[in-house]
Number of protein chains: 2
Amino acid sequence: MTRVPVNRTTGYSRPVTTTAPTGLDFTLDRSSPVPLYYQLAQQLEAAIEHGVLSPGSLLGNEIELAGRLGLSRPTVRQAIQSLVDKGLLVRRRGVGTQVVHSQVKRPLELSSLYDDLEAAGQSPTTLVLRNAVRPAPAEVAAALGIAEGHPVHHIERLRLTHDQPMAFLSNHVPEGLLDLDTEQLESTGLYRMMRGAGITLHSARQSISARLATPDEAERLGEPEGAALLTMQRTAYDDTGRAVEYGTHIYRASRYAFDFQLLVRP
Amino acid sequence: MTRVPVNRTTGYSRPVTTTAPTGLDFTLDRSSPVPLYYQLAQQLEAAIEHGVLSPGSLLGNEIELAGRLGLSRPTVRQAIQSLVDKGLLVRRRGVGTQVVHSQVKRPLELSSLYDDLEAAGQSPTTLVLRNAVRPAPAEVAAALGIAEGHPVHHIERLRLTHDQPMAFLSNHVPEGLLDLDTEQLESTGLYRMMRGAGITLHSARQSISARLATPDEAERLGEPEGAALLTMQRTAYDDTGRAVEYGTHIYRASRYAFDFQLLVRP
DNA sequence: GTCATCACATTGTCCTGACAATGATCGGAA
DNA sequence: TTCCGATCATTGTCAGGACAATGTGATGAC
C-alpha cells in the first residue's frame, strides 16, 4: 500500500488532533464517599458527552493532569482507564490520550427488553399470560443446571408498545429465588425485579436466530402466517455462577432489531 | 422472601467455597518483555481453564499472594483485575477473590464470521461474487461518513461450509484503505486482511434482525422461497474513529445463529 | 434462642517514586 | 531530497506503603 495522505485517499475530512481546552475544571470532593477516580471519570465522561472535550482532542499528559488536580498519577490513570474500557478514550504511548472520534453509545449491556424500550420512549406494557410453578422439563433443567422435575417458575408474557404486540417472552426461573408477583411483572421487567431481590446478574449466554412463525405465534403477535420472527434464547447467571433465568423469546422482526455497539478488546 | 438455605430451595448442589490448592506455582520471567502482570494473568487463566483452580475456590489474599510470588500488590491486582474484566474471577471485599462457577467462554468479541467458522472446525470457503470500486450510494456514504459518490470498494461474497451456502455478505470499504485482492478474499476473512493492512479495529455498531428471503436470495442461498433469514448490518470503526467498513449480511437462519456470552459491567 | 456488637480478614482507594518502552519530531548525513 | 539516528514527550510497568470500607463470624447480652 502506497503512503499517501489519508484524507486524500479516503475522503475523510477531520480536524487535526487538537489540544484539549485548558479551561477544563473538575471539582473533586475528597470528603465524599465516591472514589476520587470515579468522580474524575464521571466528569470526564460528561465533558466528552457535552462536547467540551471534542473528538480527537488530546487530554493532556497524565502527570501534568494529576498535578493540576492535586491527585496522584495512579488515581488519574484509573479514571482514564475506566473510560478507555468504555471505549470513550484511546491511549497511545508517546502520543497521549485522546477522545475517540466516533460516537460510542453503549458497549452492549445485558439488555433488558423492558428497559430498552422504556429508554427509547416506547412506553412498554406487559401482558402476563402465565405465571405458575411447574416441574422443570428436561431442556429447562439442563439450561438452568438443576435436576429435571425440580420446581421452576414458568412465565409467559406478551410485550407491547403502542398497544401493538412486540415480543412473546417465555421465561423459567428456579423456584425460591424471588417472588414473582404478577402485578409487578406487568408494571416492570423481570431483570429489574431480580435486582430488587438482591440478585446481581453477572453474565449471560445468548443465541440469536430466526425462523418462520407458526400459526399460533402469528396470531398471538398479530403477524401474518409464515412471517419472519427473530428468536433469542438466553441463560443468565448471577455472580456466584448460578443460572438464575432461562428465557426463550420471539420478536416480530418487522418491529424489532437487536441494536448494539461492541468494542474490540486489544 | 424467607431466608432458607439456598440449596434447599433452589435445588443447586454446589460445593461450598474451598480454599485454593496451595501447590499452585507460577513461573515468572522478569527478563521477558511480557509484563509480569500479564504473565501471571495468563497462568491464572490457564489454571482456571484446566481446572487446577476449581470454580468457587478462593484465590488466597492478594498480599500473601504477592509475597509468595515476589511481586508487589499492585502488580498482582492488575493481573487479577484483567481476569475479573474477562468474567473469570469475582472479587468480594472482606471475602476474597474466587473463580466464577459458570463456564465463561468468550465475552463477545467483534466476531468475524470467517474466524468463527474456522474456530468451530467448519472449514469455511468463500466465493467472491463481486469486487469492484464504485461511487458510494447515499446509504453507504452515510454509514461510512464520507461524501456521496466517493469511491468505495464493493464486495459481495458467498460464504460456504461443507459446500453449502451459509451466508451472503455485502461489504463496502472506503477506497484507499487497503488492497482488496480477490484471491486473498477467497482464502481468508475481510477483518483479517484489515488487521494485516495495519488497521486496528476499535468498535462496531451492529443491528441484527430477520426477514423473509426474496426469490433471488433464496436461490442464491439454497433456501426455499419465503424462508426466514437472519440479517445483520454493521459499521466498523478503527481506533481513530474512522468508519472502515459497512456490511449488510444475510444468513440462513436454518444453519446459523449468533451465539455469544456477555458480561454485566458493575 | 435471638439479636446486636465487636474483632478480623480481605479487598478498595490513594499516595510517592522510579525506570522502561514507544511514537513523533527534528536535525544531519548520504 | 531522502533516509537515518538522536532526542523528547508520553504512556506502560512495577515497587512499597498506608488507611478505609465491607463482609464474616464469634462473642456476649437479653
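Proteins get letters first, then strands, A, B, ... in listed order; numbering begins at 1 in each.
- Backbone-only engagement by B/G70 is indicated by non-hydrogen atom pairs under 4.0 Å involving sugar-phosphate atoms exclusively.
- Annotation: salt bridge (charged side-chain N to carboxylate O under 4.0 Å, His left out) contacts involving residues 34-46 of chain B, sequence neighbours excluded, comprise B/E45-B/K86.
- With no hydrogens or angles considered, no side-chain donor-acceptor pair links B/D29 and B/Q39 at under 3.5 Å.
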> What string of B, S and - do you get for nucleotides 4-14 of chain D, 5' to 3', if B is base contact, S is sugar-phosphate-only contact and - is no contact with any protein heavy atom under 4.0 Å?
Replying inline: -----BBBBBS
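- Residues A/V244 and A/I199 approach most closely at CG1-CG2, 4.2 Å, considering heavy atoms.
- Checking B/Q81 against B/Y37 by side-chain atom types alone, no donor-acceptor pair falls below 3.5 Å.
- Between A/L83 and the options A/V99, A/L88, A/V90, a side-chain contact (heavy atoms from CB on, under 4.5 Å) holds for only A/L88.
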